[in-house]
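Throughout, a chain's letter reflects where its sequence line sits, starting with A, and its residues are numbered from 1. Values in this document were obtained by computation on a predicted structure and should not be read as measured data.
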Protein chains: 4
Amino acid sequence: MLLQSLREEVLEANLELVRRGLVLYTFGNASGISRRDRLIAIKPSGVAYETMAPEHIVITDLDGRIVEGELRPSSDLPTHVELYKRFPNIGGVAHTHSEYATAWAQAGRPIPCFGTTHADYFHGPVPVTPRLTSDEIATDYERNTGLAICHLFDQLGTDEISAVLVAGHAPFCWGPSAAAAAHNAVILESVARMAYYTIAIAAGAVPISAELHDKHFLRKHGKDAYYGQVNSK
Amino acid sequence: MLLQSLREEVLEANLELVRRGLVLYTFGNASGISRRDRLIAIKPSGVAYETMAPEHIVITDLDGRIVEGELRPSSDLPTHVELYKRFPNIGGVAHTHSEYATAWAQAGRPIPCFGTTHADYFHGPVPVTPRLTSDEIATDYERNTGLAICHLFDQLGTDEISAVLVAGHAPFCWGPSAAAAAHNAVILESVARMAYYTIAIAAGAVPISAELHDKHFLRKHGKDAYYGQVNSK
Amino acid sequence: MLLQSLREEVLEANLELVRRGLVLYTFGNASGISRRDRLIAIKPSGVAYETMAPEHIVITDLDGRIVEGELRPSSDLPTHVELYKRFPNIGGVAHTHSEYATAWAQAGRPIPCFGTTHADYFHGPVPVTPRLTSDEIATDYERNTGLAICHLFDQLGTDEISAVLVAGHAPFCWGPSAAAAAHNAVILESVARMAYYTIAIAAGAVPISAELHDKHFLRKHGKDAYYGQVNSK
Amino acid sequence: MLLQSLREEVLEANLELVRRGLVLYTFGNASGISRRDRLIAIKPSGVAYETMAPEHIVITDLDGRIVEGELRPSSDLPTHVELYKRFPNIGGVAHTHSEYATAWAQAGRPIPCFGTTHADYFHGPVPVTPRLTSDEIATDYERNTGLAICHLFDQLGTDEISAVLVAGHAPFCWGPSAAAAAHNAVILESVARMAYYTIAIAAGAVPISAELHDKHFLRKHGKDAYYGQVNSK
């Protein structure tokens with residue numbers, strides 16, 4: 001069986017979405033990529049999490065064609081494929097319908113950076129794609145969802161926001177690994193929830209300053225990071 | 001004892017409502033029907049879920065008269081009966097006072113389709129009945145609740161929305177089986193919650209396009225469905 | 001030891017408040033009364049629920065003087081005493097700071113009857129007391145809290161609403177037993193939560209009709225009740 | 001190993017934040033101080049709670065220099081240090097990003113005292129610091145966070161509010177011990193949640209009277225307290 005450890009990591013990332021309450025029934029999907037092998041490992045479509053095992057993870061090539069696996073891959077696979085093409089340094093993608101992030105996506109509003117929790121993870125507001133056109137929906141819908149995300153990031157000109165809201169749909173997150181992508185999905189939901197509360201408390205709430213945003217993002221990311229134990233020796 | 005396996009399925013559907021946090025104490029009820037036997041199996045009224053067993057499920061005929069069972073059936077049975085008459089293809093009905101769906105029912109507002117989660121399950125806004133009249137309340141109240149739902153769907157002209165909000169009361173859901181009805185009740189609550197959040201984030205939020213709505217509903221339902229493993233072989 | 005079974009029932013009612021998530025730490029208190037013995041059994045003040053046992057329940061007379069018990073009774077005892085005097089048919093009282101009911105109390109707004117869940121239990125809006133005056137706060141504060149509730153019900157002229165919101169404080173509930181009082185506290189919190197959601201969905205939401213309110217209250221209470229198994233034989 | 005019992009108490013306070021749902025992943029931190037030894041014990045930065053043991057707690061001097069410990073201390077240590085200097089009677093500090101308290105901090109609004117739950121713990125509204133300036137962020141950011149809190153309390157002229165909201169960031173709480181600080185963090189979140197609900201129910205909700213505020217604060221704190229068992233013998 002190909003890529004045993006990647007299969008296990010992808011399974012674990014999917015289960016993390018369950019444990020954190022981000023998915024209902026068979027909703028959601030996480031994948032990982034082996035850049036060396038040019039293979040993607042992704043959750044099968046519509047299978048119960050309770051009985052999912054590494055052998056159920058579907059292995060595909062970088063165009064999403066099945067290389068190994070009895071089951072059909074997640075129907076969102078073409079979106080994952082486009083993200084892996086667009087962001088050459090990422091190792092995992094996670095997609096959920098977590099309720100607060102999805103509500104922002106449904107409302108068609110980016111999530112402003114109202115506080116340091118957000119700044120610790122995402123270097124800017126979490127953006128929202130335009131709504132897909134009828135043509136984009138009619139043919140290659142899931143691939144066009146991915147292309148809409150890629151186009152949005154081309155315009156934004158940043159790779160330091162590892163999350164996006166697809167208008168009228170839900171969030172996608174990514175990271176250096178499947179585990180990191182799932183972790184970002186969990187954080188995004190908390191950030192989405194707090195932003196929701198914030199505008200209810202103060203309709204005119206304003207984002208934190210660029211200086212505070214940079215301070216928090218950079219104390220966790222990049223060469224001068226000093227949060228956690230990573231650089232402590 | 002009649003219909004052992006239907007009893008077990010109906011019991012299990014009722015317990016699913018408990019596990020998913022949709023019911024308090026003895027609230028809620030799910031039923032199933034055997035079209036062949038022309039019999040309905042339904043939860044008894046006001047009995048604790050913790051001790052409920054298949055033999056407590058009440059068996060009635062298609063007019064709601066008890067055929068087998070020591071206990072009184074759910075007081076909402078006449079509503080279930082009308083739904084089974086109106087929708088000849090359904091196999092189960094579930095009723096809860098799940099809090100977000102109930103709030104939409106109390107507000108008297110249909111739940112707009114703000115996103116693909118909704119579109120995956122319900123092919124249109126989840127409609128709300130008119131308020132019952134004094135006469136409808138005075139006599140045969142529970143049956144009139146069912147008739148109000150049936151009349152609403154006659155007007156809507158669709159059978160692809162397996163859920164309804166009864167104004168000032170709560171939701172009813174249905175499906176091909178008792179399990180499917182309970183599953184729809186769980187999804188409806190999530191959809192109701194996200195719609196609630198959506199209008200709080202953007203008071204003027206607009207539904208998704210008809211194309212996106214169709215795309216998601218039809219990728220899970222009907223002859224060209226490609227979500228899950230059902231058609232994968 | 002006096003009143004062993006009442007002690008156990010009161011302990012159990014207090015623990016029900018914990019299990020249902022209505023209390024934080026040592027918040028909340030439930031009591032029961034033996035009308036025959038003219039004695040009240042109430043939770044001790046500020047004691048951890050985890051280690052509470054029947055012998056910790058404090059027994060007092062109808063004026064709140066300790067008859068048996070090493071511990072100090074709940075500081076809200078004088079409020080319970082006034083409720084027992086005012087409502088001669090009740091057997092238990094429960095007080096929590098459950099968060100949604102407390103929010104309505106803090107907002108100083110009665111909870112309108114927006115749906116049948118409310119109507120199943122409370123025969124009218126859940127009323128809110130006026131704010132206590134400086135004099136009522138300065139001396140015999142807890143007793144004056146009880147008197148404010150009693151005065152409010154004198155004005156309302158009904159005994160069919162077994163719950164009240166004390167303005168700027170929190171709810172008190174009661175019933176035929178300590179268990180019933182705790183049960184009502186749990187239902188009140190759910191009703192308060194759904195009413196909160198309802199006004200967020202529709203600011204101008206209107207209560208259900210008097211006919212529907214009566215129908216639901218009377219199908220569960222009084223001589224013609226037909227909900228549950230109580231009258232089924 | 002220095003300060004075994006303080007290490008255990010600090011570990012336990014950190015775990016209480018987890019048990020009460022106040023922290024996600026490695027978020028949050030609690031510390032304790034030994035005034036006699038002039039040493040602080042604080043959670044390490046970015047370490048998983050599941051595997052944290054007393055030996056992982058970092059011991060520092062009163063200027064935040066490590067005295068014993070292999071791990072890097074929480075990056076918020078300099079904020080804790082300033083609080084210990086400013087409030088000579090406190091024994092513990094707790095910091096979380098608990099979601100409702102953080103939302104008030106993000107909105108930049110103090111939490112008004114809308115009810116007796118708040119009054120039982122905090123003798124006035126929970127205040128919010130001004131936003132930090134670019135200079136305060138650029139150098140010694142975490143220390144300046146602490147100084148902003150201290151300056152705010154200098155202006156308020158009270159030591160009877162053991163909690164603060166740092167604008168655009170999150171709450172800090174303190175108390176006579178690490179356990180008490182964590183306890184206050186839990187209460188603050190409940191109070192923040194109820195205040196959030198209160199303004200949603202009534203946009204113009206008003207705080208409770210000074211008399212009621214004093215009554216509740218003083219029945220739990222100070223020489224005439226009569227809540228709980230502390231003074232009952």
Does D/His56 have more than 12 heavy atoms from other residues, nucleotides or ligands lying within 6.0 Å of its NE2? yes

Select, from C/Ser45, C/Pro44, C/Ala167, the one with the greatest count of heavy-atom pairs under 4.5 Å involving chain D. C/Ser45

Exactly one of D/Lys215, D/Arg219, D/His216 clears side chain to side chain donor-acceptor pair (under 3.5 Å) with C/Tyr141, and that residue is D/His216

When you compare the side chains of D/Tyr197 and C/Tyr100, does any donor N or O come within less than 3.5 Å of an acceptor on the partner? yes

Between C/His97 and D/Met194, which heavy-atom pair has the shortest distance, and what is it? O-SD, 3.9 Å

Where on C/Asp135 is there a heavy atom nearer than 4.5 Å to chain D: the side chain, the backbone, both, or neither? neither

Heavy-atom closest contact (D/Ser209 atom, C/Ile137 atom, distance): OG-CD1, 3.8 Å

Note: C/Leu24 and D/Ser190 closest approach over all heavy atoms is CD1-CB, 3.5 Å

Turns out that what part of C/Thr26 lies under 4.5 Å from chain D's heavy atoms comes down to both

Under 4.5 Å heavy-atom distance to chain D, tell me which part of C/Val47 shows up: side chain, backbone, both or neither. side chain

Given side chains that start at C-beta, do those of C/Tyr25 and D/Arg20 come closer than 4.5 Å, heavy atoms only? yes

Side chain to side chain, C/His169 and D/Ile208, heavy atoms closer than 4.5 Å: no

Which residues from residues 104-121 of chain C are near chain D, with near meaning under 4.5 Å between non-hydrogen atoms? C/Trp104, C/Gln106, C/Ala107, C/Arg109

Okay, C/Pro73 and chain D: the region with an atom under 4.5 Å from a heavy atom over there is neither

